[in-house]
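Both counts, for ligands and for their atoms, begin at 1 and track the order of listing. Heavy-atom basis, side chains included; hydrogens, waters and symmetry copies ignored.
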Amino acid sequence: MRLTESSSDAPGKPSTPGAQDPWGTLPPPGAREAAGVVADVLLPVLAGGVIVRRPRAMALVERTGWDRRGVDRMRALRERYGPGPLPLTVRGRSYAMVLDPQDARRVLRETPEPFSPATWEKRSALAQFQPHGVLISGGQERTRRREFVEEVLETPKPLHDIASRLTGVVREEAALLLEGAERSGQLRWEEFDAAWWRIVRRVVLGDAARDDTTLTAQLGALRSAANWSLASPRRRRLRSAFLARVRSYAARPEPGSLAERVARTPAPAGTDRAGQIPHWLFAYDAAGMATVRALAVLATHPEPAEQARREATAGQPDTPRELPFLRGCALESVRLWPTTPLILRESTAQTSWEGGTLPAGTVFALYTPYLHRAEPAAPYGDSFAPRQWTEETGQEARANPALVPFSSGPAGCPGENLVLFTVSTLLAALVEGHQYTLASHPQLRPSAPIPATLDHFALAFRVNPL
Ligand code: HEM
């Protein structure tokens, strides 16, 4: 099966700036190179699972170093073709790989017009479980939903109004998790994941949802269907059951939960306030992966582990705290292992670039593993550098357009602060009184490059109280 099409094996047609070519004038790479991008960049992302990660495929991607090949492939293409977006046709659809941080910044800033986040790929996948989610909405609906979501999630605030209850929930669940780990002497992904989902359901929907594993299982099944996008039929009955369950919690909102904030935040008709909740449940899953990967790095890097413990043990543990170093650890975890490896935008008009134009309907793809690690503007590459996100360095990473773990601009993640608060509070509770040894492979070492993939499903730790 031929996935890519290109005119020749040599670098493509010369550009003629200003020409009125409806197909665009930026030169595509040769057919072999285009096929290489599909094989080394797109396939591992699709195989690993875009909407929900697949355990067996993640293990394969880690074992074969597939992600590293993708990063190397993009580096070679940038060296050969320069920084301009690189057009590719994949199964009849026009894509452009964004290789330059300044271009990435432009695409994210000029969202949603002319770069719409509601690409066809995302609409067909996410509609499986969040048909009215802001990410796949357009026009006035997007504006209204985005305003509502920002208000409920308190996007600009490092400490959300529900921070006190959230701290209590996280610490309670962490204590139970650690009790189990002390008994067995180990902590594996399975136990962590179960505790994580209890936290997420309590924070988002309230304590009544704590043990509602059916809700998480329904979401999981819908996400699996979403992985296959249009190839999978809509699971309408399951979707209705899942959405009805979410709405039933929203209809009896518990104080201190996000559902309560949803109930008391007004919004214009058509916003579908409770219909925004499925995305939050789905996206909190990524934060669990980021937490456990950060723990793996701290378990193997004594110097940052020491600083993390100092921060965790300073101050009142039950009082909400900003924990800047642990937030930096969470951000580094997502920089090194982006949970959105391809950030996509679809152009609604022809766009002009230094080397030529690209037509309306082009899907711009920011391949974050390359931007975060290999792009010359990403100074820390394969090492763990949490301080680049802290005041100590003037938050240098924040000003770097190559580093977009939570995307940025008008469709950047409105949950970033809430996520960083949740993750840093949990990491603090885990490291303040316990020591971790990474018991799974691959081993991480301060002197070696951090591997391009870290299969979170396989992570296991030996745990000892301090
Ligand atoms: C580690 C955890 C998370 C990461 C790395 C992350 C990252 C991202 C990224 C990269 C995007 C842009 C996606 C795109 O353009 O296709 C995004 C969008 C979004 N995120 Fe997050 N996210 C996380 C967790 C959360 C959580 C927990 C929530 C809610 C509580 C949330 C709410 C949203 C929403 C509503 C959007 C859509 C924004 C829009 O279209 O305007 N995210 N996130």
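- The closest protein non-hydrogen atom to atom 35 (C) of ligand 1 is Pro414 CG, 3.6 Å.
- For the residue pair Thr265 / Arg273, no side-chain donor-acceptor distance below 3.5 Å is found, with atom types taken as modelled.
- Considering backbone and side-chain atoms alike, Arg146 places an N or O below 3.5 Å from some N or O of ligand 1.
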Evaluation steps, salt bridge (charged side-chain N to carboxylate O under 4.0 Å, His left out), between Glu113 and Arg142: CA-CA 12 Å; Glu113 295 283 342; Arg142 151 165 270 282; over 6 Å; no

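- Counting atoms of ligand 1 from 1 in the listed order, those under 4.0 Å from a heavy atom of Val419 are 1 (C), 2 (C), 24 (C), 25 (C), 26 (C), 27 (C).
- Of the charged side-chain nitrogens involved, at least one lies within less than 4.0 Å of a carboxylate oxygen, so that Glu416 and Arg398 count as a salt-bridged pair.
- In terms of heavy atoms, Thr357 sits closest to Ser352 at CG2-OG, 3.9 Å.
- Close contacts of ligand 1 with Val334, meaning ligand atoms under 4.0 Å from a residue heavy atom, involve 5 (C).
- Residue contact check for ligand 1: Arg142 places a non-hydrogen atom closer than 4.0 Å to it.
- For the pair Glu110 and Arg345, the minimum side-chain heavy-atom distance is 4.5 Å or more.
- Under 4.0 Å is where a charged nitrogen must lie from a carboxylate oxygen, and between Arg210 and Glu173 at least one such pair does.
- Side-chain atoms of Trp389 and Glu332 form a donor-acceptor pair, as typed in the model, at a separation below 3.5 Å.
- Remark: minimum distance from atom 2 (C) of ligand 1 to any protein heavy atom is reached at Ala287 N, 3.6 Å.
- Residue contacts with ligand 1, taken as heavy atom pairs separated by less than 4.0 Å, involve Pro405 solely via the backbone atoms N, CA, C and O.
- Here's the thing with Tyr284: none of its N/O atoms is less than 3.5 angstrom from an N/O atom of ligand 1.
- Of all protein heavy atoms, the one lying nearest to atom 30 (C) of ligand 1 is Trp280 CB, 3.5 Å.
- Residues Pro369 and Pro338 come closest through the heavy atom pair N-CG, 3.9 Å.
- Shortest contact from atom 43 (N) of ligand 1 to any protein heavy atom: Cys413 CB, 3.2 Å.
- Among all protein heavy atoms, the one lying closest to atom 26 (C) of ligand 1 is Ala283 CB, 3.5 Å.
- Residue Arg345 has at least one N or O atom closer than 3.5 Å to an N or O atom of ligand 1.
- The protein heavy-atom contact nearest to atom 32 (C) of ligand 1 is His279 CD2, 3.7 Å.
- Checked for salt-bridge contact, Arg144 and Glu141 miss the test: no charged N lies under 4.0 Å from a carboxylate O.
- Between the side chains of Thr422 and Tyr284, a donor-acceptor pair is found at a separation under 3.5 Å.
- Using a cut-off of 4.0 Å between Lys/Arg side-chain N and Asp/Glu carboxylate O, Arg78 and Asp100 are scored as salt-bridged.
- Side-chain N/O atoms of His372 and Arg335 include no donor and acceptor closer than 3.5 Å.
- Interface of Ser407 with ligand 1, defined as ligand atoms under 4.0 Å from a residue heavy atom, comprises 10 (C), 12 (C).
- Here the heavy atom of the protein found nearest to atom 5 (C) of ligand 1 is Thr339 OG1, 3.1 Å.
- A heavy-atom separation below 4.0 Å is not found between Pro117 and ligand 1.
- Residue contacts with ligand 1 include Lys122, since one of its heavy atoms falls under 4.0 Å from the ligand.
- Of the N or O atoms in Thr340, none lie within a sub-3.5 Å distance of an N or O in ligand 1.
- Nearest protein neighbour of atom 6 (C) of ligand 1, counting heavy atoms only, is Phe406 CD2, 3.6 Å.
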